[in-house]
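Input: a single structure, listed below in C-alpha cells.
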Amino acid sequence: MTVRLPDGSVREVPRGRTVGEILQAWRPEESATYLAAILDGVAVDLDRRVEAGAALSPLTFEDRAGRDILQHSAAHLVAKALTEIIPEAKPTHGPPTDEGFFYDFEVRPLTPEDLEEMRRVINRTARAGDRFQRREISRAEAEEMFATNPHKLRYIHEAPEGETVSVYSTGDFVDLCRGPHVPDTHWLEGVHVLGFSAVQSTEGSGAPPIQRVRGVGFPTRAKLDAYLKMRKEAEARDHRAVGAKLQLFTFFEESPGFPVWLPNGMIVVRELERFVTEHLHESGYSEVRTPLLFDVSVYQTSGHWEHYRENMFLTTSEDRTFGWKPMNCPGSMMIFRSRARSYRELPLRLAEFAPLHRNEASGTLHGMTRVREFVQDDAHLFVSEDQIEQEIRVLLEWVRSAFTTFHLEWSYELSTRPATYLGDQETWDRAEATLEKVLKESGVQYRVSPGEGAFYGPKIDIHIRDSIGRPWQTGTIQLDYQQPIRFALEYQGADGKMHAPVVIHRTILGSWERFLGVLLEHCNGRLPPWLCPVQVRILPVADRHVELARGLLEELRASHLRVEVSDTLETLPKRVREAEVDRVPYIAVVGDQEIGDGTVSLRIRGAKGSASFSRPEFIDRVSRRVRERAFEP
RNA sequence: GCCACCGUAGCUCAGUUUGGCAGAGCGGCUGAUUCGUAAUCAGCAGGUCGAGGGUUCAAGUCCCUCCGGUGGCUCCA
C-alpha cells in the first residue's frame, strides 16, 4: 500500500505497519518529537496500524492539535492519580483548554493536601512510563465497565449511533475516551496540577457537586519549569501589586470593587483622559454629561430593566426608584431626543466620560480589571445607515493610533447575529458585511464569533495581550438598531421624511481602570514618561547642591514637567535606588561637577549608567519625549 | 452569587501543625554621617493578630457566624 507524507513524497509500506513506524522511517531524526498523527484527516495514536493506502502527517507539541492531545493525556493522568487517592471519585470529562487542561470529578471537596498528594502520584506515574493502550469495545461492554459512573454512562448513551466506543488504559486505570493520546506517560513528565475549584453545575440544584482540577502539561520538565517561571514573573507584574507600590490606587474594605484613585493615579488618569479628549476634539465629537441616576422608567425604555436589572444599583427617594446608570447610552439617547434633529447634524458624535456603576457579583471582582465603578472613554455616534462604514473606518484608525502609542498589539473579534435577535435578518446581514469589509481593510488580524453578537446588533470587540501573552478585552464597537427605536429617535431626512438613526456605541481603551491595569502589567510599572506621576527626579549630591537642584526644578516646571527634588539626607546610591524602584523615567544628579560646567548627569530609565547633558539639551530631550508621547524615555 | 483557600505593624512575611510572653526585614520618626549613580550606621515608635461570638485556667493558634481578599466557576449590554 502507498502512504502519502506531508512533504509530498509517497512511500510503499507493508500493510499493518503502525503510524509511528512509518513516520520514524520517514524522518528518523525528528520522530522523537512526534506524539500522534493525522491519518486521512483524523487524529490517531502512533501505534494505530495502517491497513490501507492513506495520507499521513505527524503531530508534535508545537501543533495546536498535538498540544491538545498532550493536555488531554495529562488530564487522564490526573484522573488516574485522583482515583488512586480517592477511589470513590467519579471522573466526568477532561478536555484541553487554551491554557492547559482540566478534569471534572464528582467527589468530596478537595483539600490542599489532596493537591500535594496528587502531584506526588502524578510525578511517580509519569516516570513509570505506562503506555496508553486503546481498546474498542461494544456499547454493552462499556456500560458494564462504567456501571458505577453515571457521567460516563451518559456519554456512552449520548454518543452518536454507529460511533465506535473506545477506552484507553494506562497501567491499571481505564477511561472512556475517543483518543488519541501520547504514546506513554514519559511524555507527561512536565505535567503540573495548578489547582482545583468547585464548578457550578449546569444541571440545576439537585445535581451532585463537581470539583474541577486544573493543570498544564509540557513534553519536558524543562518546558514546564520555564512556564512556571513565566507565571511567577506574571505574579510580580500583577497590576494590584505594582499599583500599590507606585501608590496609584487602592481599595477601601467598606467599598468593595470601588476603586480609590490616589494622587499619583489621578495624574495618570487625567493624562489618559487628555490623550483621548485631544483626539475627540480633532475628530468632530462633542462632550456631554448626563445624570448618574435615572428614574427606572428610562431603563424600561432602554431595555436595561429587562436585561440588566440584576447588575444595577438602585436607590429610592420620595417613593420614586432611581437606578445608577450602568452605561451612558440612555442619557445620550435622551439628548438626541431633546429637540428636533435634521440629517444635516449627522453623524452626531456624543462623548461622555461619566462614572458607571455595575453591581458585579462579589466573586467576579478582580483588582482594577473588574470593578463596580469605572469610567469609559465612551461615545455614541448617531448616524444614517450609509454613514456606518466611514465612521467604523475612522474608529479603527483611532484604535490603531491609540494602541500603537502604548506599544500594545491588538486584534479584533467580530460577533455576529445571535439565535435570538431583534430586527430583520436583512439589516443584520448588511451590517455584518459592512463591519467585515472595514475589518479586512484595516489589515489587522480578526476572528469571527458566530452568534456572539448582542441581541440589538453585531459588534467588534478589541482584544489586547499584555507582554506575557494573556488576552484582555478592552474596547468594543457595537451597532445598535434597537435603542433608537425604543427611544423613538428620529431625524428629518433630505427627503423631508422622518428616519430613525443607527447608533454606534463605542469605547476604545475600554475604561481607565481596566486599561491602566493591563498597561501596568504590559510595561511592568514602567509607564511611558508622559503618564508618569513624576517625570524627573533631581538628586543633589550633598546639602550644598540643594539650591542648584531647586533652580533646575523651577526651570523644568516652567516647561510643564512633573519634577521633584530628592533632598533627604540619604546617601546618593540610596536615593538613586529609590528613584529606580519608583520607576522614575529621568533621574538627574547635580553636584560640584555640574555647578562647574552647567550640566546635568542624567540617568535615563532602561539605559545603562548615566550621561552628561547640558541643561538646555536635557530639558529639550525630556519635554520632547513627553510631548511626543514616546513609549520609552 | 457558588466552591476552596487566605487575612498577624504602612508593605512583605515568620509564629497556627502540637493552645502557654506579639516577632523579623523593608518603610516611618530621631540622631550621627555631607556622601557621585540600585540599599551608611545607631536608636525609637508602630499591633483590638479582619470583626463578633464560643470552647478553655489560658486563644494569633481550636469551633461557629459575618466582612474583605485570592484562585476557579457562573456572569460580563
Side-chain angles (χ1 to χ4, degrees), chain A residues 97 99 102 104 108-115 194-202 205 209-214 235 238 240-241 244-245 247 250-257 299 302-312 325-330 356 358-367 369-370 376 415 418 452-457 459 461 473 476 478 480 482-483 505 507 514 537 539-546 566-582 584 587-594 601-605 607-612:
Chain A
T97 62
E99 197 195 6
F102 65 79
D104 284 349
R108 63 160 168 83
L110 299 176
T111 65
E113 290 72 39
D114 294 328
L115 190 67
L194 295 169
F196 57 86
S197 66
V199 178
Q200 201 132 27
S201 174
T202 48
S205 51
I210 299 292
Q211 296 273 318
R212 173 167 300 178
V213 179
R214 289 177 312 111
E235 270 168 44
D238 190 317
R240 293 165 296 193
K245 198 176 279 177
Q247 286 287 290
T250 187
F251 289 89
F252 298 148
E253 247 189 47
E254 293 81 355
S255 306
Y299 302 113
S302 69
H304 288 90
W305 196 246
E306 193 181 340
H307 295 282
Y308 205 69
R309 188 183 346 182
E310 283 164 21
N311 274 331
M312 283 175 56
K325 68 176 171 189
M327 296 169 208
N328 288 311
C329 33
L356 303 177
R358 299 184 184 176
N359 195 0
E360 305 285 358
S362 56
T364 64
L365 302 176
H366 179 89
T369 54
R370 190 78 185 266
Q376 294 182 321
S415 297
E452 291 297 310
F455 66 90
Y456 52 71
K459 61 174 183 169
D461 289 331
Q473 187 195 320
T476 178
Q478 312 190 344
D480 182 358
Q482 293 309 314
Q483 260 192 82
H505 306 243
T507 156
R514 175 175 290 184
R537 188 176 290 171
L539 314 186
V541 173
D543 276 0
R544 64 181 177 280
H545 308 118
V546 169
S566 170
D567 57 1
T568 59
L569 295 177
E570 303 291 347
T571 60
L572 184 64
K574 172 78 173 265
R575 285 176 289 151
V576 167
R577 181 185 143 82
E578 280 172 350
E580 290 283 349
V581 167
D582 291 343
V584 175
I587 303 170
V589 175
V590 288
D592 288 337
Q593 224 170 291
E594 287 70 26
S601 169
L602 184 61
R603 210 181 147 102
I604 299 173
R605 194 182 68 197
K608 275 213 164 120
S610 59
S612 184

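Letters go in sequence order (proteins before strands), and every chain restarts at 1.
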Which nucleotide, in any strand shown, forms a Watson-Crick or G-U wobble pair with B:A32, with both distances under 3.5 Å?
B:U40
A:Arg603, nearest nucleotide to its side chain (from B:U37, B:G69, B:U34)
B:U37
Answer with yes or no whether the side chains of A:His545 and A:Asp592 bring together a donor and an acceptor at under 3.5 Å.
yes
What integer number of Å spans the P atoms of B:A24 and B:A42?
15 Å
By nearest atom, which of the nucleotides B:A38, B:C35, B:G36 is closest to the A:Val576 side chain?
B:A38
So what does A:Gly457 touch, heavy atoms closer than 4.0 Å: a base, only the sugar-phosphate, or nothing?
nothing
Would you indicate which nucleotide in B:G36, B:A38, B:U74 comes nearest to any side-chain atom of A:Asp592?
B:G36
Say we look at B:C49 and B:U61: how far apart would their C1' atoms be, to the nearest angstrom?
10 Å
Under the 3.5 Å rule, do the base of B:G1 and the side chain of A:Glu360 count as making a donor-acceptor pair?
no
Checking N1-N3 plus N6-O4 or O6-N4 for Watson-Crick, or N1-O2 and O6-N3 for wobble, each under 3.5 Å, the partner of B:G71 is B:C3
Mate of B:C66 across any strand shown (Watson-Crick or G-U wobble, both atom pairs under 3.5 Å) is B:G50
In whole angstrom, give me the gap between the P atoms of B:U40 and B:G25.
16 Å
Compare the minimum distances between each of B:A39, B:C35, B:G72 and the side chain of A:Leu569, then state the nucleotide with the smallest one.
B:C35
Distance between P atoms of B:G68 and B:A59 (Å, rounded):
28 Å
Is any side-chain N or O of A:Arg370 under 3.5 Å from a base N or O of B:C75, one able to act as donor and the other as acceptor?
yes
Does the A:Arg514 side chain pair with the main chain of A:Gln473, one donor and one acceptor, at a distance under 3.5 Å?
yes
The side chain of A:Val581 is closest to which nucleotide in this list: B:C75, B:G27, B:A38?
B:A38
Options B:U37, B:C3, B:G71, nucleotide nearest the side-chain atoms of A:Ser610
B:U37
The side chain of A:Ala361 lies closest to which of these nucleotides: B:G68, B:G1, B:U70?
B:G1
Go through B:A4, B:C3, B:A38 for me and flag the one nearest to the A:Pro573 side chain.
B:A38
Please determine, for B:G19, whether a Watson-Crick or G-U wobble partner exists with both distances under 3.5 Å, and give it or none.
none
Please give the nucleotide sitting opposite B:G10 as a Watson-Crick or G-U wobble pair, both distances under 3.5 Å, or none.
B:C26
Spacing of the P atoms in B:A45 and B:G10 (rounded, Å):
16 Å
With C1' as the reference atom in both, quote the distance from B:G47 to B:G60 in angstrom, rounded to an integer.
11 Å
Of the candidate nucleotides B:C35, B:U40, B:U34, which contains the atom at the shortest distance from the side chain of A:Asp543?
B:U34
Separation of A:Leu365 atom CG from B:C76 atom C1', in whole Å?
12 Å
A:Thr568 and A:Glu570 side chains, donor-acceptor separation under 3.5 Å
no
A:Tyr456 ring center near A:His307 ring center (under 6.0 Å)
no
Nucleotide paired to B:A59 in any strand shown, Watson-Crick or G-U, under 3.5 Å
none
So, does A:Arg575 use its side chain to make a donor-acceptor pair with the main chain of A:Leu539 at under 3.5 Å?
no
Which nucleotide sits closest to the side chain of A:Thr571: B:U70, B:G1, B:C35?
B:C35
